[in-house]
Peer 1: 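Attaching a single structure in C-alpha cells format; questions to follow.
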Amino acid sequence: MKQDLRNLIEGGLTPEEVLSRDTPVRRSIEIKGKITSDVIEEISKIKNEPDWMRRFRLRNLELFNKLPAPNWLPNWVLESINLEEYLTYAKPDVNRASSWDEIPPEIRSYYESANIPEIEARALLGLGAQLDSEIIYFNIKKQLAEKGVVVMPMEEAVQKYPDLIKQYFMKIFPPEHKFAALHGALWSGGVFVYVPPGVRIEAPIEAFFLISNAGEGQFEHTLVIADKGSYIHYIEGCSAPRLSRYSFHDGMVELYAHEGARIRFTTVQNWSKNVINFNNKRAIAEGNAKVEWVEASIGSVASFVYPSTILKGEGAGTEITGITIANGNRHVKENGAKVIHDAPNTYSKIVNKSISANGGTAVYKGVVYVRKGAKYVKSHVACDSLILDDKSKAYTIPHEQVFEDTAVVTHEAYTGRISEDKLFYLRSRGLSEEEAKGLVVLGFISDVTEGLPFEYAMVLNRVISLEFSKYGKVA
Amino acid sequence: MAELKVENLTVSVDGKVIIEDVSFSVKSGEVLALMGPNGSGKTTLFMTIAGHPKYNVIKGRVLLDNDDLTPLLPEERVMKGIMVAFQTPIAVPEVRLSTLITAMVNKMNGRKLTDPAPPSLVNNLIKGVQEVGLTPAHLSRGVNHGFSGGEMKRSEVLQLLMAKPKIALIDEPDSGLDVDGVYAVGKVLLNLVNSGTGIVLTTHSARILHTLKPTKVLVLSKGRIIAEGGLELVEEIEKIGYENFLKVR
Ligand SMILES: Nc1ncnc2c1ncn2[C@@H]1O[C@H](COP(=O)(O)OP(=O)(O)O)[C@@H](O)[C@H]1O
Ligand SMILES: [Mg+2]
C-alpha cells in the first residue's frame with residue numbers, strides 16, 4: 001500500500017487532469033433556471049414517476065423556498081450557489097449499460113482514468129456509475145440476486161418497491177435544512193440497496209459519481225437498508241474534471257441498520273477543486289447494530305459533510321472516521337460527525353484526521369448527544385490535525401451534550417505542524433522537501449488508511465500522494 | 001578517501017555572528033574532537049555544515065573532496081556523504097523510525113522512497129538496534145516521539161550506522177546517556193570509524209574519547225578556535241575546567 005507514495009516522486013497525471021482532456025459530454029436533456037414547480041413537474045415526468053413521488057418533490061420545493069439560507073456557510077460559498085445559474089438536471093446522451101463495452105469510449109475513459117472498471121473486476125460485487133444526473137452503468141453479480149439482495153438505481157426502486165421507499169426515503173434524514181429540502185425536490189440518480197435478514201455480503205458494492213461539466217448540480221440519493229443480522233460494505237467514489245466554473249453537489253445518504261446488522265459506508269470524495277460539496281448523511285442503528293462511516297474528503301473547494309448516526313437500540317454502536325484534506329487557498333473543508341445516543345449501552349468512536357495546506361482550512365464539527373436515561377454510554381472522540389504551513393488552518397469544534405451521569409464521553413485533540421525544524425530534520429536524512437512532506441502526510445493518516453480495504457487504501461494513498469506531489473509547485 | 005574541509009567559516013544567526021573564521025579538516029577514518037564550553041558555537045557549526053536555512057554563511061566555505069557544499073540544499077549534502085547526528089533531534093511523531101530509515105537508505109541507493117526495506121537493511125537494522133541499545137519496538141514508534149534523551153542519542157547513532165556517511169558530525173552523542181550507553185555508543189562509533197567514516201564529534205566528557213582516540217582535538221570559544229592539539233588538551237580541560245583553560249590561552 002505504501003508503495004503508492006511513488007507517485008509523489010514520479011509525478012504523473014491526476015484523474016482530474018485525465019478527465020479534463022476529454023471533450024464535454026453531450027446531453028439529451030438539460031434543465032436550467034429558476035427552480036419552480038414546473039421544473040419539478042418536468043423532472044418527475046422525465047422519470048415517469050408515480051404521483052406520490054411527484055407530490056413529495058413539490059412539498060420539498062415548498063420547504064426549500066420557506067427555509068432560510070444556512071447561517072453556517074461562508075459567504076462566498078453561499079454566493080457561489082446561485083442556483084438559477086446551475087443545471088438542475090442533466091441527462092447524458094448515452095444509454096444505460098451493464099457492460100463497459102457498451103459505454104462510448106470517450107465516456108468510458110473517464111472511469112478508466114479512476115481505475116473503476118479494474119477495481120470492479122477485482123474487488124466488487126456490484127457497481128453503479130452515475131454521470132451527471134443519471135446512472136449510466138449498472139452491473140451486479142448474480143450471487144447477490146441469488147441471496148435476495150436488492151441493488152438497483154433509485155428511480156427503479158421507486159417503481160418496484162414503492163412501499164419500502166415510502167417507509168424510508170428521507171425519513172432518516174428529513175428535509176430539515178434548506179439544502180436537504182432542495183435535495184428532496186431535485187434528487188436524481190443514486191442507488192437503493194436492501195439486504196435481507198442474516199445475509200452477509202462478502203465484497204463491497206460501489207457507486208461512482210462523476211460531474212462532467214461546469215455549472216452543474218448533482219443530487220443523487222442513496223438508501224441502504226440492512227435487515228436483521230445482515231452485513232454490507234458500500235463504497236462511494238466521486239470525481240470531476242477541472243471545471244471552468246463551480247459545480248454543486250447536494251447528495252444524500254440514508255442508512256438503516258436493523259437489529260444486529262452491520263453497515264460499513266466508505267466515501268472517497270475526490271471532486272475537482274471547482275465543486276462545492278454537500279452531502280447529507282445519516283444512519284439509524286437498532287439494537288446491537290453497528291454503523292461505520294468513513295468519509296475521506298480529499299477534493300472539492302468547499303465541502304460540508306457530517307456523517308451522523310442515531311443509536312436507537314440498546315447496544316448499538318457507530319464508528320465515524322474522517323480524513324480531510326484542505327489543500328488550497330480559500331478551501332474550506334468541514335468534515336464532522338454527529339452521534340445521538342438514544343439508548344442504553346450504546347457506544348461511539350469518532351476519529352478525525354485533517355491536513356491543511358496552501359491556505360486551506362479544515363474543520364471538524366462534531367456533536368455527541370447522550371439522552372437522559374441512555375445509561376452506560378461510551379463515546380470517544382479523537383481529532384488530529386496536521387498543518388503544513390503558516391497560511392493554513394485547522395479548527396476542532398466538538399460539542400458534548402450529555403444528560404446522563406453514567407455516560408463516559410471523552411475527547412482528545414492533537415495538532416501537528418511541519419515546522420521548518422521538522423522539515424530540516426527529515427531533509428538532513430536525505431529527503432527533499434516534497435518527499436519529507438509526503439512521508440509525514442502518509443504517516444499521519446496511515447492508521448486510518450490501514451483499516452480500509454486494500455484497493456481503497458491504494459486509491460486513497462494515490463490521490464493523497466498526487467495532491468501533495470503538486471504541493472511544492474503550488475507553494 | 002574523503003575529506004571534509006571547513007575554510008574560514010563565519011556564520012550568523014538572526015543577524016548575530018556566532019562562528020568566526022573557523023577552519024579545520026577531517027579525513028576518512030579520522031576522529032576530530034571539537035571541545036568548547038556551552039554556547040561556544042559547536043552546534044551552530046554543525047547546523048551550518050548540515051545546511052540549516054536559518055544559519056547564514058557570511059564568509060568561507062565547506063568542502064567535501066573539493067566540492068563546495070555551501071550552496072547545496074541539506075538533502076544534497078547528505079547525498080554527497082555528510083550527515084549530522086543532532087544534539088537535540090526533533091520529534092516527527094507522524095513517521096515511524098523504521099519508515100524514515102528505510103526511506104533514507106532507499107534514497108541513498110537510488111530506490112523508490114517507499115520500497116520495502118531490502119533484506120540486507122532489515123538485517124543491519126536488527127543488528128544495529130541491538131548495538132546501540134534500543135529495541136525493535138523503538139523502530140515502530142514515531143521518530144523521537146516520546147523518546148528519552150538517551151534514546152534519541154541512540155537513535156541518531158543508529159541512523160548514522162545505517163547511512164554510513166563519508167563524514168559524520170556527531171553532536172554530544174554521550175550526554176544524557178548512562179554509563180553502559182556511553183560504552184555502547186563509543187563502540188559503535190569506533191566500528192564506524194574503522195569502516196572508513198571520518199568523524200567530527202563534540203562532547204563534554206573524556207570517557208567517550210578514551211574509546212574513540214581522536215586524531216586531533218580542537219577547542220572552540222566564542223565562535224573561534226583557540227587551541228588545537230591532541231588528547232592532552234582534553235585532560236587539561238578535565239583537570240582545570242574551561243574557565244581556567246581559557247584564561248591560560
Ligand atoms: N537564533 C539565535 N539567535 C541568537 N543567538 C543564538 C541563536 N541560536 C544560538 N544562538 C547563540 O549562539 C551561541 C552558540 O550556541 P551553540 O552553537 O548551541 O553552542 P554550543 O553547541 O557550543 O553549546 C550561543 O550563545 C547561543 O545562545
Ligand atoms: Mg551544542
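Small disclaimer: the values here were computed from a predicted structure and weren't measured. Sequence lines set the chain letters: A, B, ... in the order given, protein chains first and strands last, and positions in each chain run from 1.
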Peer 1: For the interface with chain B, which of A:I418, A:I445, A:V440 has the highest count of heavy-atom pairs at distances below 4.5 Å?
Peer 2: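 Heavy-atom pair counts peak at A:V440.
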Peer 1: Is any side-chain N of the basic residue among B:E75 and B:K80 closer than 4.0 Å to the acidic one's carboxylate O?
Peer 2: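 Result for this pair is no, no salt bridge flagged.
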Peer 1: So what's closer than 4.5 Å to chain A heavy atoms on B:M104: side chain, backbone, both or neither?
Peer 2: both
Peer 1: Run the salt-bridge test on B:K153 and B:D174 with the 4.0 Å N-O cut-off and return the result as yes or no.
Peer 2: no
Peer 1: Cation over ring, A:R427 on A:Y425, under 6.0 Å and within 45°?
Peer 2: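 A:R427 over A:Y425 ring: no.
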Peer 1: Give, as side chain, backbone, both or neither, the part of A:L386 having an atom under 4.5 angstrom from any heavy atom of chain B.
Peer 2: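 When you check distances to chain B, only side chain atoms of A:L386 fall under 4.5 Å.
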Peer 1: Tell me, for A:F424 versus chain B, whether the close heavy atoms (under 4.5 Å) come from the side chain, the backbone, both or neither.
Peer 2: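 When you check distances to chain B, only side chain atoms of A:F424 fall under 4.5 Å.
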Peer 1: What option among A:G430, A:S432, A:A436 has the most heavy-atom pairs under 4.5 Å with chain B?
Peer 2: A:G430
Peer 1: Would A:K365 count as a cation-pi partner of A:Y306, with NZ or CZ less than 6.0 Å from the six-membered ring centre and within 45° of the ring normal?
Peer 2: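 That pair does not qualify as a cation-pi contact.
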Peer 1: Specify which of B:R77, B:E76, B:M79, B:H52 makes the most heavy-atom pairs with chain A at under 4.5 Å.
Peer 2: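 Counting heavy-atom pairs under 4.5 Å, the top option is B:H52.
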Peer 1: Would you mind telling me which of B:A50, B:G51, B:P165, B:P74 has the largest number of heavy-atom pairs within less than 4.5 Å of chain A?
Peer 2: B:P74
Peer 1: Is there a side-chain contact between A:K353 and A:D447 (heavy atoms, below 4.5 Å)?
Peer 2: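 Touching, per the 4.5 Å side-chain cut-off.
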